[in-house]
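Data first, discussion second: the structure below is written as structure tokens.
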Amino acid sequence: HPEQALAFARKAVNLYPEAPWAKLSLLDALYAAGQKAAARQMARDLENSPAAIPEFALRSAGLAARDGDTADARKLLAQADDLRDSKYVPADVFAGLAAAAKDWDTLFHWLAVEQAERSTHLPYVRLNPGIPASDPRFLDLLRRMNLPAAPPGPHAGPLRRPKTAASVP
């Protein structure tokens with residue numbers, strides 16, 4: 001429900017106007033609700049704001065890449081190690097950028113970094129529709145995390161392993 005997500009994201013920004021995570025949530029909600037122009041403008045505004053953080057530029061490039069313009073995404077991905085040397089940027093941000101740019105080798109590199117860093121975002125990677133779910137590297141990653149290959153349906157509830165006869169009391 002993109003409109004509901006948009007309402008919650010706006011509320012989060014109103015409650016926490018200085019919080020970068022709230023602004024990034026609103027950016028994603030705008031894009032998901034089909035308000036791509038507004039999302040891209042907000043991303044540019046955030047990227048150029050005095051309180052800009054690296055994630056703002058990366059998210060801006062990611063939105064452009066989703067719409068087919070991958071130049072900035074590829075440039076930032078090439079600079080990823082330098083960016084991480086100067087300021088902490090979570091590996092999942094680069095993985096998302098690589099997925100938006102459809103740069104699969106770079107995506108799987110950053111997913112491996114996420115796993116090595118024990119990213120709390122990594123288990124949700126299979127819910128990203130931009131990731132090639134049939135790629136053997138992705139299936140191997142899910143196996144290593146002990147997750148099923150298929151994402152749950154919209155009403156499947158939380159991610160859990162199915163009960164086996166041995167696990168039922």
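Since this is a predicted model, take the numbers as computed values, not measurements.
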Considering all heavy atoms of both residues, which atom of Glu55 and which atom of Val89 are nearest to each other, and what is their separation? OE2-CA, 4.4 Å
Distance in Å, Glu114 CD paired with His121 NE2, rounded so as to fall on 0.5 Å steps: 8.5 Å
Residue pair Asp92, Leu122: steps toward the side-chain contact (heavy atoms from CB on, under 4.5 Å) verdict: CA-CA 7 Å; Asp92 67 282; Leu122 189 57; over 6 Å; no
Asn48 side chain to Arg44 main-chain N or O, any donor-acceptor pair under 3.5 Å? yes
According to a 4.5 Å side-chain heavy-atom criterion applied to Ile, Leu, Val, Met, Phe, Trp and Tyr, with indirect links allowed, do Val113 and Leu111 form part of one hydrophobic cluster? no
Taking Ser60 for the side chain and Ala57 for the main chain, is one N or O donor matched with an acceptor at less than 3.5 Å? no
Verify salt bridge (Lys or Arg N to Asp or Glu O under 4.0 Å) between Arg84 and Asp81, making sure each step is shown before the conclusion. CA-CA 5 Å; Arg84 282 175 51 104; Asp81 290 326; 5.4 Å; no
side-chain contact (heavy atoms from CB on, under 4.5 Å) between Leu24 and Phe56: does it pass, once the steps are laid out? CA-CA 8 Å; Leu24 291 170; Phe56 292 162; 3.7 Å; yes
Could you give the distance from CG (Leu26) to CH2 (Trp21), rounded to the nearest 0.5 Å? 11.0 Å
Minimal heavy-atom distance between Leu139 and Ser134, with the atoms involved, is CD1-O, 3.9 Å
Audit row: Lys36, Arg66, side-chain contact (heavy atoms from CB on, under 4.5 Å) steps and yes/no: CA-CA 10 Å; Lys36 294 180 181 184; Arg66 285 185 197 172; over 6 Å; no
Arg118 atom CZ, over 12 foreign heavy atoms within 6.0 Å: no
Please name the pair of heavy atoms, one in Ala101 and one in Ala73, separated by the smallest distance, quoted to 0.1 Å. CB-CB, 4.0 Å
Inter-residue atom distance Leu77.CG - Phe94.CZ, 0.5 Å rounding: 7.5 Å
Could you grab the distance from atom NZ of Lys87 to atom CG of Asp82, nearest 0.5 Å is fine? 15.5 Å
Are Ile53 and Leu97 linked, directly or through intermediate hydrophobic residues, by side-chain heavy-atom contacts shorter than 4.5 Å (ILVMFWY only)? no
For the side chain of Arg137 and the backbone of Phe108, is there at least one donor-acceptor N/O pair under 3.5 Å apart? no
Taking only Lys NZ, Arg NE, NH1 and NH2, and the carboxylate oxygens of Asp or Glu, determine whether Glu3 and Arg10 approach each other closer than 4.0 Å. no
Kindly compute the distance separating OG (Ser25) from NZ (Lys11), expressed to the nearest 0.5 Å. 14.5 Å
Rounded to the nearest 0.5 Å, what's the gap from NZ on Lys75 to OG1 on Thr70? Could you check? 12.5 Å
Shortest non-hydrogen contact from Tyr88 toward Pro90: OH-CA, 3.5 Å
What closest approach, in Å, do Phe138 and Pro132 show between heavy atoms, and which atom pair accounts for it? CB-O, 3.7 Å
Would you say the side-chain atoms of Arg40 pair up with the backbone N or O of Leu63, donor to acceptor, closer than 3.5 Å? no
So, the side chain of Arg59 versus the backbone of Leu46: is there a donor-acceptor pair under 3.5 Å, distance only? no
Show your working on side-chain contact (heavy atoms from CB on, under 4.5 Å) between Gln35 and Leu6 and close with a plain yes or no. CA-CA 10 Å; Gln35 298 180 31; Leu6 188 54; 3.4 Å; yes
Quick one: closest heavy-atom pair of Trp110 and Ala91, and the distance? CE3-CB, 3.8 Å
With clusters defined by side-chain heavy atoms of hydrophobic residues (ILVMFWY) lying less than 4.5 Å apart, directly or transitively, does Val125 cluster with Leu107? yes
